[in-house]
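Quick notes on the structure that follows.
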Amino acid sequence: MDRPFLDLSPCGPLRGALRVPGDKSVTHRGLMLLALAEGEGRLFYPLKAGDTLSTARVLRALGAEIAEEGPHFLVRGRGLRLKEPEDVLDCGNAGTLMRLLLGILAGQEGLFAVLTGDASLRRRPMGRVAAPLRAMGAQLLGREGGNKAPLAVRGQGLKGIRYTLPVPSAQVKSALLLAGLFAEGATEVEEPVPTRDHTERLFRHFGLPLWVEGNRIRTQRSGPFPAKDLVVPGDFSSAAFFLVAALVTPGSEVVVEGVGLNPTRTGLLSVLKAMGADLEWRVLEGEAGEPVGWVRARHGPLKGVAVDPGLIPLMVDEVPALAAAAAWAEGETYIPGLAELRVKESDRVAAIAQNLRALGVEVEEGEDWLRIRGGGVRPGEVEPFHDHRIAMAFAVAGLPVGVRVWEPGWAEISYPGFFQDLKRLCAAS
């Protein structure tokens with residue numbers, strides 16, 4: 001069977017403004033909390049793509065009513081008691097869905113559910129969530145000692161715990177906070193370094209119990225809470241590819257409008273500025289506590305840097321975009337602290353290294369680091385490895401010289417219309 005591919009011709013200057021689709025993390029969490037709320041709430045401008053449509057489908061199977069109203073979702077929640085599903089819950093490629101849903105289902109007393117996903121998701125580790133949930137009293141079974149899906153959950157009474165994350169993970173933190181809404185006593189999570197805080201912001205939006213002291217986040221059992229409308233900002237992770245495309249393509253200037261600028265997500269901006277990037281941004285307004293604004297990127301010379309490992313949790317999904325920028329920067333870029341990228345939709349460390357080499361870039365790969373010697377790329381062919389961010393990052397890396405992207409459809413997981421938007425900005429000059 002012939003594999004699909006997309007040939008991107010060398011792009012002249014990218015020009016213009018765009019709005020990227022809604023934030024994937026906020027869409028997942030917004031749908032889940034509206035499903036647990038009482039009454040109707042609207043999710044305005046959510047991401048409607050592979051991962052989040054999986055979340056909507058699974059929540060419908062658990063009894064929530066979710067209708068599409070043009071670009072929006074109308075959600076009628078079940079309250080804090082979900083319906084037992086009649087069949088296996090298919091999470092598709094959505095790791096956020098599976099991990100956070102484990103926290104919710106663990107506290108649904110008497111409810112039985114089985115969660116599975118596609119081949120990529122079934123390979124991803126779930127033990128980091130399952131272990132602390134079991135410490136709360138959750139009954140979870142799965143492959144490889146409960147570390148891999150399919151996973152079976154029988155909800156029961158939970159007890160709050162104090163848990164220190166062994167590695168920074170917003171998904172583990174969020175799963176425990178969601179489980180804490182059903183647990184006896186307080187549930188406290190301590191982070192080694194800050195991670196994205198969308199769950200905490202949404203807890204405040206819906207009036208759920210939450211206390212934050214430094215790196216300690218605490219919640220407790222919640223009573224019923226009313227639904228509230230929620231506006232989803234543009235996804236910074238999606239915007240990152242267009243910002244990098246403008247930085248590396250001569251003569252380019254691109255503005256991304258209405259994008260989320262949550263400081264726990266924008267570590268990439270700090271790194272790109274350190275590389276000499278011509279970037280400006282401004283926070284204009286916020287919805288549900290999420291900062292929103294615009295970012296402007298103009299082409300200019302970049303230089304290699306050693307990335308502060310403390311910034312990696314604030315840009316964990318943007319490392320592929322950073323690698324694309326590093327390929328065009330003069331000198332060496334060293335990116336440490338990448339262990340988490342080994343267990344994403346693909347082994348992103350290996351995928352980045354292989355695609356950089358395919359474009360003629362010299363790269364060294366360690367267990368949790370990359371060293372990239374930039375200076376430009378040559379035309380080539382790139383593989384997405386079933387990973388939406390790899391597909392988009394290396395389309396951008398090869399854009400100034402021309403590139404073939406195999407199986408470009410993987411970009412649809414988080415950005416329907418990505419390649420159409422890229423071509424539109426290329427044609428605008």
Side-chain angles (χ1 to χ4, degrees), residues 3-28 45-54 71 92-94 96 120 232-249 252 254-260 265 268 295 297 315 317-325 327 344-346 348 351-352 355 359 381-429:
R3 295 173 65 206
F5 63 87
L6 177 65
D7 283 331
L8 293 173
S9 301
C11 179
L14 289 87
R15 294 279 182 174
L18 80 158
R19 287 180 177 262
V20 296
D23 188 285
K24 185 155 74 82
S25 296
V26 176
T27 301
H28 280 308
Y45 308 108
L47 173 66
K48 291 187 178 181
D51 277 5
T52 53
L53 291 176
S54 291
N93 191 247
T96 300
S120 169
V232 180
D235 197 315
F236 181 80
S237 296
S238 295
F241 300 109
F242 290 95
L243 301 177
V244 170
L247 295 176
V248 304
T249 305
S252 296
V254 169
V255 179
V256 184
E257 300 172 331
V259 65
R265 287 285 296 280
L268 178 67
V295 186
M315 54 176 290
D317 284 337
E318 291 75 57
V319 171
L322 173 60
K344 286 288 190 177
E345 285 85 335
S346 65
R348 284 186 178 161
I352 289 169
N355 280 312
L359 297 178
E381 301 180 0
V382 295
E383 289 279 354
F385 295 99
H386 299 181
D387 189 323
H388 52 124
R389 301 204 195 280
I390 296 296
M392 292 185 281
F394 287 95
V396 164
L399 192 64
V401 295
V403 65
R404 170 170 289 186
V405 182
W406 288 100
E407 298 182 8
W410 283 102
E412 302 286 316
I413 288 289
S414 64
Y415 197 144
F418 170 76
F419 289 105
Q420 292 90 324
D421 281 350
L422 195 62
K423 289 179 178 179
R424 176 177 62 81
L425 292 178
C426 284
S429 57

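Hydrogens, waters and symmetry mates are skipped; everything else that's a heavy atom, side chains included, is used. Each residue takes its place number in the sequence, starting with 1.
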Which residues satisfy the side chain to side chain contact (heavy atoms under 4.5 Å, CB included) test with [X], sequence neighbours excluded?
X: Ala94; answer: His28, Asp51, Leu97
X: Lys48; answer: Pro46, Leu53, Glu68, Phe73
X: Val401; answer: Trp328, Val377, Pro379
X: Pro71; answer: none

Practice task
Any chance you could lay out the side-chain contact (heavy atoms from CB on, under 4.5 Å) test for Ile390 and Ile352, step after step, and finish with the verdict?
Solution key: CA-CA 7 Å; Ile390 296 296; Ile352 289 169; 3.9 Å; yes
Problem - Electrostatic pair Arg265-Asp235, nearest N-O below 4.0 angstrom - result: yes
Handout entry: Asp317/Lys24 salt bridge by N-O under 4.0 Å criterion
Key = no
Do [X] and [Y] have side chains that get closer than 4.5 Å, going by heavy atoms?
X: Phe394; Y: Val403; value: no
X: Glu318; Y: Leu243; value: no
X: Met392; Y: Val405; value: no
X: Pro400; Y: Val248; value: yes

Please list every donor-acceptor pair under 3.5 Å in which a side-chain atom of residues 382-389 meets a protein atom from a residue at least two apart or in another chain.
{"residue": "Glu383", "atom": "OE1", "partner": "Arg3", "partner atom": "NH2", "Å": "2.7"}
{"residue": "Glu383", "atom": "OE2", "partner": "Arg3", "partner atom": "NH1", "Å": "3.1"}
{"residue": "Glu383", "atom": "OE2", "partner": "Arg3", "partner atom": "NH2", "Å": "3.3"}
{"residue": "Asp387", "atom": "OD1", "partner": "Arg348", "partner atom": "NE", "Å": "3.4"}
{"residue": "Asp387", "atom": "OD1", "partner": "Arg348", "partner atom": "NH2", "Å": "3.1"}
{"residue": "Asp387", "atom": "OD1", "partner": "Arg389", "partner atom": "N", "Å": "3.0"}
{"residue": "Asp387", "atom": "OD2", "partner": "Ser346", "partner atom": "N", "Å": "3.3"}
{"residue": "Asp387", "atom": "OD2", "partner": "Ser346", "partner atom": "OG", "Å": "2.8"}
{"residue": "Asp387", "atom": "OD2", "partner": "Arg348", "partner atom": "NE", "Å": "2.8"}
{"residue": "His388", "atom": "ND1", "partner": "Ser414", "partner atom": "OG", "Å": "2.7"}
{"residue": "His388", "atom": "NE2", "partner": "Glu345", "partner atom": "OE2", "Å": "3.0"}

Completion exercise
dist Ile413:CD1 -> Leu47:CG (nearest 0.5 Å) comes out at 10.0 Å
Partners meeting ring pair (Phe, Tyr, Trp, His ring centres under 6.0 Å) with [X] (sequence neighbours left out):
X: Phe241; value: none
X: Phe419; value: none
X: Phe236; value: none

Practice task
Under the side-chain contact (heavy atoms from CB on, under 4.5 Å) rule, what do Lys423 and Leu6 come out as? Steps first, then yes or no, please.
Solution key: CA-CA 12 Å; Lys423 289 179 178 179; Leu6 177 65; 3.7 Å; yes
Problem - Ser238 (side chain) donor-acceptor with Val20 (main chain) under 3.5 angstrom - result: no
Practice task
Report the residues that fulfil side chain to side chain donor-acceptor pair (under 3.5 Å) with Asn355, sequence neighbours left out, ordered by chain and then residue number.
Solution key: none
Handout entry: For Thr249, all residues meeting side chain to side chain donor-acceptor pair (under 3.5 Å), sequence neighbours excluded
Key = none
Non-hydrogen atoms of [X] and [Y] that approach each other most closely:
X: Trp406; Y: Glu381; answer: NE1-OE1, 3.1 Å
X: Ala324; Y: Ala397; answer: CB-CB, 3.8 Å
X: Val244; Y: Ala325; answer: CG1-N, 3.8 Å
X: Asp23; Y: Val232; answer: N-CG1, 3.3 Å
X: Pro233; Y: Val26; answer: CD-CG1, 4.4 Å
X: Pro320; Y: Ala393; answer: O-CB, 3.5 Å

Exercise for the section: Could you walk me through whether Phe418 and Phe242 pass the side-chain contact (heavy atoms from CB on, under 4.5 Å) test, one step at a time? Expected result: CA-CA 10 Å; Phe418 170 76; Phe242 290 95; 3.8 Å; yes
